[in-house]
Amino acid sequence: MSRISKKKPALCTDEPLSNSTICQKITLLRNILSTAYGPTGRLKQIHNNVGGHVLTTSTSTALLKRLEMSEPLLKLISTALQHHTTRYSDSGLFMGIFTLTLIENTKKYGLRTSTAIKVYKHLVEQCNVYLKGDSCGCKVPVEFSSCDSLVALAHSMITSKPACMLDSRETQQISSLITQAFLYSIPCNSSGTACFGRTVTIGIEGQSVNHSSVFPGLLLDVPEMLLPGDLERLGDGPFKVVLFGVSLSGDISEVGDVALEVHRGLNPERDLLQQLLKIGEQVVKDKVSLFACQKVVHPVLQHYLREHEVVVIERLGLALMEPFAKITGARAVASLFSLVPMEAYGLVAGLCFQDCGSKKLLQLLSSKHAAISTMVLCHRNETMLEELKVCAMTCQRAEHVLRLTLREPYALLGGGCTETQLATHITHMNQSTAPTTAAALGISHSEFLMAVESFRSSLLAVALSLEHDGQDCLIDLTYGHRWVMDISSQTEVKHTCGCGLLEDRSNLEKTHLNTACQTFSPVFLENNDTQPKVLDSFSAKLNALNVAVEMASLVLDVKYIIKDVN
């Protein structure tokens with residue numbers, strides 16, 4: 001007989017943010033994210049207690065995927081962060097730090113939950129109006145007539161991932177390559193609705209970063225037994241291509257979800273091989289030069305095709321099926337028991353070999369103006385290469401951030417200057433209107449000012465999180481930019497603007513960041529020829545700002561946590 005155990009009652013936690021253990025976990029996660037933020041962010045190593053792969057990273061995407069969280073509130077925040085980075089590919093750490101600091105500051109200032117939620121919603125709406133307005137001092141237009149802004153955006157993303165271990169020259173090269181790959185992905189000469197292309201990323205370990213490059217078309221591993229002479233015998237393109245999405249191994253188990261009726265005396269494997277050879281005869285008759293399959297191709301079929309000077313590519317893999325279909329125009333055959341349909345055929349403009357570091361790859365050139373390219377990323381060892389592929393947003397993620405500028409052609413000042421300007425603007429704007437705004441929200445004047453201070457302090461905490469070497473962070477009282485000591489200056493005490501837009505001067509008054517000072521409205525810079533050196537994605541940061549306030553409000557509003565422990 002089976003033993004029946006009595007069902008345990010659910011565990012209920014009342015007012016979870018009053019629980020010291022939960023608050024400690026929130027502070028710990030905020031510290032993990034804060035210390036990983038920015039170009040000098042400290043790396044994190046994640047591994048389990050039984051050995052296995054060790055992850056070294058400072059990116060929010062990699063950190064949150066590998067961190068196991070038992071606390072439901074932290075899981076909620078982590079899920080929201082991952083959804084944001086999936087959609088926008090950037091500003092994950094900004095969102096996490098801002099969300100958690102808002103929650104902590106609400107408790108620190110003793111604000112009522114309802115008051116905090118009302119004021120935070122009001123303030124983030126003001127931020128949206130300011131950032132989208134024409135007088136915003138931290139918004140920079142992205143000019144597509146020049147690649148400078150795009151390269152600066154990509155450069156900021158790369159420098160914020162210190163685990164890449166890139167020097168300044170390597171960082172500049174990778175930034176240029178990402179921009180080049182993005183430009184390759186924009187379709188040209190297309191009629192009707194244009195669709196973005198695709199960049200495939202290949203990593204090569206053991207080579208210098210300087211060997212990294214971007215190639216038009218699709219690069220694939222060279223098939224076995226394919227020699228340069230084989231391509232020479234094919235002559236000039238274009239070449240006819242056929243693509244199979246079904247296994248051609250000849251195994252009955254690979255046929256798929258179909259019913260087979262086998263008569264006595266018949267050999268299913270032999271008959272299946274005969275069917276494969278019929279397919280081979282058809283593609284040879286149809287003058288196919290390149291035969292590609294997502295899975296395995298039977299050795300006998302391979303031998304037959306090679307005898308008829310057909311290049312065979314097997315084990316293409318699911319990830320490459322879409323770019324292969326786009327570059328050739330072929331549609332994958334999904335059945336062995338019919339003739340190859342005409343739509344399964346496509347074309348490539350040319351086939352050639354490319355030496356990429358220590359690897360030789362086969363390059364397929366598009367004949368249909370498909371915006372497909374391949375980025376080859378090289379690095380000295382596996383850990384740095386993996387981090388480079390992640391922090392370069394696996395190329396596609398970096399491209400995604402650049403693509404967002406096509407929809408909204410703006411970027412935001414990086415280096416903490418957007419956060420300091422926003423904090424300064426919000427404080428100044430609400431100083432004189434506090435009595436009327438507080439009355440409209442149904443709260444007291446003092447509560448409103450306290451919530452504004454909590455919001456301001458949370459924004460500045462993000463800017464402060466960029467500094468990890470003990471240097472003082474300052475804010476100028478004219479433009480509202482963030483400044484740090486210029487350690488390269490040997491002759492005099494100079495400070496460097498976080499985004500690189502402003503030059504230091506003796507009459508520019510500054511004060512320590514996140515300390516009390518007289519409120520002021522940041523001066524709007526007009527007709528400034530200097531280009532900022534550090535930029536953030538406008539769309540990504542704007543969404544992160546709004547979602548951070550939503551998540552903080554949601555967590556603050558949780559009254560009970562109920563856990564089923566059965």
Side-chain angles (χ1 to χ4, degrees), residues 177 179-202 212-245 280 282-294 297 302 305-306 308-317 319-333 340-356 359-376 395-396 399:
L177 291 179
T179 306
Q180 185 181 347
F182 161 67
L183 295 175
Y184 271 138
S185 74
I186 301 175
C188 300
N189 304 322
S190 59
S191 58
T193 303
C195 296
F196 275 110
R198 173 85 182 273
T199 302
V200 177
T201 306
I202 296 175
S212 300
S213 53
V214 174
F215 295 88
L218 186 62
L219 294 186
L220 306 171
D221 287 331
V222 175
E224 291 182 13
M225 302 172 64
L226 181 65
L227 301 173
D230 298 329
L231 297 186
E232 291 174 7
R233 280 192 291 274
L234 287 177
D236 297 328
F239 303 111
K240 201 169 187 178
V241 177
V242 68
L243 176 63
F244 284 82
Q282 182 188 348
V283 299
V284 169
K285 180 181 176 182
D286 292 338
K287 297 182 180 180
V288 167
S289 299
L290 180 62
F291 186 102
C293 181
Q294 177 186 340
V297 179
Q302 287 198 51
L305 292 170
R306 287 187 181 119
H308 290 81
E309 297 184 350
V310 178
V311 177
V312 180
I313 299 175
E314 64 171 344
R315 295 184 175 91
L316 192 61
L320 290 178
M321 288 294 285
E322 181 194 351
F324 189 95
K326 278 188 175 181
I327 199 171
T328 62
R331 291 179 62 181
V333 179
V340 178
M342 291 304 297
E343 60 265 23
Y345 293 123
L347 291 173
V348 290
L351 296 170
C352 59
F353 289 109
Q354 289 287 355
D355 291 317
C356 302
K359 293 186 71 174
K360 186 180 286 291
L361 299 169
L362 179 65
Q363 184 180 18
L364 279 62
L365 298 173
S366 172
S367 63
K368 294 182 174 295
H369 302 291
I372 302 293
S373 64
T374 304
M375 173 179 272
V376 178
C395 186
Q396 287 89 346
E399 280 184 74

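Computed from heavy atoms alone, side chains included, the values below leave out hydrogens, waters and symmetry copies.
At least one side-chain heavy atom of Tyr345 sits less than 4.5 Å from a side-chain heavy atom of Val283. Side-chain contact between Val340 and Asp286: absent, with no pair of heavy atoms (C-beta onward) separated by less than 4.5 Å. Considering only heavy atoms from C-beta on, Thr328 stays 4.5 Å or farther from Leu218 through its side chain. You'll find the side chain of Val222 reaches within 4.5 Å of the side chain of Phe353, heavy atoms only.
Expressed to the nearest 0.5 Å, how far CZ of Arg315 lies from CG of Leu220 amounts to 15.0 Å. Note that SG of Cys352 is 8.5 Å distant from CG of Leu364, once rounded to the nearest 0.5 Å. Taking CD1 of Ile313 as the reference point, atom CG of Leu320 lies at 10.0 Å (rounded to 0.5 Å). Atom CZ of Phe215 is separated from atom CD1 of Ile202 by 9.0 Å, given to the nearest 0.5 angstrom. Rounding to the nearest 0.5 angstrom, the gap separating the NZ atom in Lys359 from the CG atom in Asp221 is 4.0 Å. Note: Glu322 CD to Arg198 CZ = 5.0 Å, rounded to the nearest 0.5 Å.
The backbone N or O of Val311 lies less than 3.5 Å from no partner atom in the side chain of Ser289, so there is not a single donor-acceptor pair. A donor-acceptor pair under 3.5 Å is absent between the side-chain atoms of Gln294 and the main chain of Met321, judged by distance alone. Under the 3.5 Å distance criterion, the side-chain polar atoms of Glu314 are matched with a main-chain donor or acceptor of Val297. Listed for the Gln302 side chain is no donor-acceptor partner under 3.5 Å among the backbone atoms of Val312.
Remark: Lys360 pairs with Asp355 by the salt bridge (Lys or Arg N to Asp or Glu O under 4.0 Å) rule, at least two apart or across chains. Remark: Gln363 engages Gln354 in a side chain to side chain donor-acceptor pair (under 3.5 Å) (not counting sequence neighbours).
Nearest heavy atoms, Val284 versus His308: CG1-CD2, 3.7 Å. Of all the heavy atoms in Gly217 and Thr374, the pair that sits closest is O-OG1, 3.0 Å. For the pair Pro216 and Leu365, the tightest heavy-atom approach, listed with the atom from each and the gap, is O-CD2, 3.8 Å. Minimum interatomic distance between Gly346 and Ala330 (heavy atoms only, all atoms of both residues): N-CB, 3.8 Å. Counting all heavy atoms, side chain and backbone alike, Thr199 lies closest to Ala181 at OG1-O, 3.6 Å. Of all the heavy atoms in Val242 and Phe244, the pair that sits closest is CG2-CE1, 3.8 Å.
Around the CZ atom of Arg331, the shell of radius 6.0 Å holds no more than 12 heavy atoms that belong to other residues, nucleotides or ligands.
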